[in-house]
Engineer: 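The structure follows.
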Number of protein chains: 2
Amino acid sequence: MTDITRPVLPPLPVPAPQDDALFVDSIARGFRVLSAFHGASGPLSLGEIAAQSGLTKSAVQRIVHTLRQQGYLRRDPADRGYLPGLRLLDHALDYQRLNPEIARVLPVLMELRAATGERVDFSLRDDLRLVYALRFQSKRGFYAASLIGTSVPLYCTAGGRAILSRLPEDEARSVIARSPLVPYSSRTLTDPAAIMARVAEAREAGYAIAEEQIVAGEIALGVPVLDEAGHPIGAIHVAGSLAEWDADSFARNFAPLAMTAAGSLNRG
Amino acid sequence: MTDITRPVLPPLPVPAPQDDALFVDSIARGFRVLSAFHGASGPLSLGEIAAQSGLTKSAVQRIVHTLRQQGYLRRDPADRGYLPGLRLLDHALDYQRLNPEIARVLPVLMELRAATGERVDFSLRDDLRLVYALRFQSKRGFYAASLIGTSVPLYCTAGGRAILSRLPEDEARSVIARSPLVPYSSRTLTDPAAIMARVAEAREAGYAIAEEQIVAGEIALGVPVLDEAGHPIGAIHVAGSLAEWDADSFARNFAPLAMTAAGSLNRG
DNA sequence: TGCAAAAGTATCGCAAAGCGATACGGTAGT
DNA sequence: ACTACCGTATCGCTTTGCGATACTTTTGCA
């Protein structure tokens with residue numbers, strides 16, 4: 001089984017600290033502290049947090065104190081450093097509950113799960129990455145990576161390419177240019193031209209297929225989900241195992257279902 | 001299907017703003033703003049956030065500005081007020097990844113899911129409530145309430161009673177006394193003595209059974225998960241439908257499996 | 001066993017940073 | 001057209017959080 005404590009994806013596309021303005025609110029500092037854990041694979045000490053977040057140990061001390069009071073941070077049970085706290089889940093729940101896109105997609109995704117029998121999920125775009133927002137597992141499988149909030153890059157995922165295929169050509173190129181093109185598996189495409197070729201195929205077909213771009217043995221089919229204006233905001237995935245399917249049969253079986261599902265969203 | 005935008009549970013046991021000290025960091029203010037959404041069932045305007053959080057509109061304005069920059073808040077796509085932002089999921093993921101209890105429980109829970117074929121989940125105690133941290137659905141069912149971060153009270157859930165059964169008697173009483181004893185369904189027990197009686201049964205049996213305490217038609221079995229010191233920190237649930245099971249057969253089938261699972265954790 | 005390194009806690013004064021009041025432009029809904 | 005109300009902007013005052021320093025405790029290694 002995969003180790004969930006370790007970020008599955010090597011360099012994890014950091015979601016741009018939002019460069020808009022330079023001025024640093026102390027609220028932002030609080031989140032800098034929490035964000036220090038994005039790269040962590042275990043409890044963090046005050047010093048480590050300070051190093052990661054670029055803040056003084058003093059500042060971190062005070063902030064950690066507050067965050068602990070509020071339940072957003074806690075000590076490691078074994079008393080080695082600090083860990084993210086339970087209260088963070090409350091906010092994640094609010095996000096899921098109140099997000100209109102998720103509410104719209106949920107029933108359709110459930111139907112798709114029933115129709116395909118495979119793992120299906122819905123993820124939302126955040127600039128260069130795709131963040132899993134809903135996931136329904138299939139009967140058995142890689143539960144390990146099934147956590148909400150996991151994110152994957154656009155350039156090497158089926159859903160990501162499906163999204164790129166609905167962006168203006170130059171914007172798609174820009175996404176790829178700005179992405180760190182690291183190979184996650186031996187078959188990950190890292191050549192911009194090759195990626196754009198796949199994107200073009202996806203534009204034509206209306207869906208994208210990705211074989212083992214992230215995880216060995218996995219095949220995924222992605223279709224874009226659009227907002228009212230027709231801009232891609234996320235993607236629906238159907239994911240299966242290469243032990244049971246080859247690309248052609250997978251697409252033949254599931255592409256129509258997935259596209260119907262997405263279609264009902266996009267004009268419904 | 002249930003409407004996920006509305007908090008399923010009426011008064012939602014607010015997780016105690018942590019009264020420890022009165023001094024209010026501005027970081028805490030930031031979270032006050034985010035927490036305003038806990039009671040919301042749609043986008044919130046600046047004024048509504050101000051009202052909910054007890055802050056000035058000016059303060060809220062500034063805080064919201066920062067939170068938006070950082071991606072923790074965003075405007076409603078339909079341009080009516082604000083909604084929680086995607087970045088919140090990043091932190092929820094960190095919580096799940098780095099939490100040692102979750103890492104410990106995950107494989108056991110997967111096994112239990114396979115062995116039972118029913119919905120199983122793991123939740124962590126936060127004072128008076130139980131917060132869902134991991135959930136594996138069964139083939140079909142109430143996906144609606146399946147979101148991570150959902151919380152339920154201790155006094156009327158199988159897992160909650162399982163936890164109470166491992167607390168010192170007076171502490172269990174205190175939990176019940178401090179809980180708002182509202183009936184979620186027509187069969188919810190709200191009499192402290194009756195609840196304690198169930199807790200005593202659970203202490204004896206090693207597991208707790210709850211029929212329709214929260215959701216009509218649902219039966220749940222809960223076993224406590226302990227830390228090294230033997231204190232209950234959470235619970236494992238197996239949940240099924242009363243259409244397929246009665247309490248006795250449900251317990252006969254799943255109590256041994258669930259207790260074995262928890263047992264392997266508690267002394268492993 | 002004992003020493004060194006590092007972690008967590010505490011204190012305190014300065015100045016930066018956020019708050020509150022007030023005011024303005026835009027958008028609905030009446 | 002008028003009236004709320006929402007979001008945005010501006011600007012002093014002073015609250016509030018930061019940084020430097022220092023102390024106690026725990027960890028890890030010799």
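We name chains A, B, ... by the order of the sequence lines, and we start the count at 1 in each one.
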Engineer: In this structure, how many angstroms lie between the P atom of C:dT11 and the NE2 atom of A:His65, rounded?
Structural biologist: 12 Å

Engineer: Rounding to an integer number of Å, can you tell me how far A:Glu48 CD sits from C:dA5 P?
Structural biologist: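 Nearest whole value for this atom pair: 18 Å.
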
Engineer: What distance do B:Ile63 atom CD1 and B:Arg32 atom CZ have between them, rounded to the nearest 0.5 Å?
Structural biologist: 9.0 Å

Engineer: Only counting residues at least two apart or in another chain, list the ones meeting ring pair (Phe, Tyr, Trp, His ring centres under 6.0 Å) with B:Tyr72.
Structural biologist: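 Expected list: A:Phe31, B:His91.
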
Engineer: Using side-chain contact (heavy atoms from CB on, under 4.5 Å) as the criterion, list what pairs up with A:Ala229, not counting sequence neighbours.
Structural biologist: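 A:Ala229 satisfies side-chain contact (heavy atoms from CB on, under 4.5 Å) with A:Asp227, A:His231 once adjacent residues are dropped.
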
Engineer: With sequence neighbours excluded, tell me which residues meet side-chain contact (heavy atoms from CB on, under 4.5 Å) with B:Arg178.
Structural biologist: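 If we apply the side-chain contact (heavy atoms from CB on, under 4.5 Å) test to B:Arg178, skipping adjacent residues, the hits are B:Asp127, B:Leu128, B:Ser174, B:Val175.
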
Engineer: C:dA7 C1' sits how many Å from A:Asp76 CG, rounded?
Structural biologist: 14 Å

Engineer: Strictly under 4.0 angstrom, non-hydrogen atoms only: write out the protein contact profile of nucleotides 18-27 of chain D, one letter per nucleotide from the 5' end, B, S or -.
Structural biologist: SBB-------

Engineer: What is the separation between atom CG on B:Leu44 and atom P on D:dC5, rounded to the nearest whole Å?
Structural biologist: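 From B:Leu44 CG to D:dC5 P: 16 Å.
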
Engineer: For B:Arg75 and C:dG26, give me the distance from atom CZ to atom C1', rounded to whole Å.
Structural biologist: 12 Å

Engineer: Would you sketch DNA chain C in dot-bracket for me? Only Watson-Crick or G-U wobble pairs with both distances under 3.5 Å count, crossing pairs as [ ], other-strand pairs as |, the rest as dots.
Structural biologist: ||||||||||||||||||||||||||||.|

Engineer: With sequence neighbours left out, what residues match B:Glu101 under side-chain hydrogen bond (donor to acceptor under 3.5 Å, both in side chains)?
Structural biologist: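 For B:Glu101 the side-chain hydrogen bond (donor to acceptor under 3.5 Å, both in side chains) partners, ignoring immediate neighbours, are A:Arg74.
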
Engineer: Listing request: all side chain to side chain donor-acceptor pair (under 3.5 Å) pairs with a residue in residues 162-171 of chain A, at least two apart in sequence or in separate chains.
Structural biologist: A:Glu169-A:Arg173, A:Glu169-A:Arg203

Engineer: Figure out the CG/P separation between A:Asp25 and C:dA16, and round it to whole Å.
Structural biologist: 16 Å

Engineer: Please identify each residue that fulfils side-chain hydrogen bond (donor to acceptor under 3.5 Å, both in side chains) with B:Thr56, with sequence neighbours left out.
Structural biologist: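 Expected list: none.
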
Engineer: Round to the nearest Å and state the distance from B:Tyr82 atom OH to D:dC5 atom C1'.
Structural biologist: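 It works out to 13 Å between those atoms.
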
Engineer: Residues two or more places apart in sequence or in another chain: which of them pass side-chain hydrogen bond (donor to acceptor under 3.5 Å, both in side chains) with B:Thr260?
Structural biologist: none

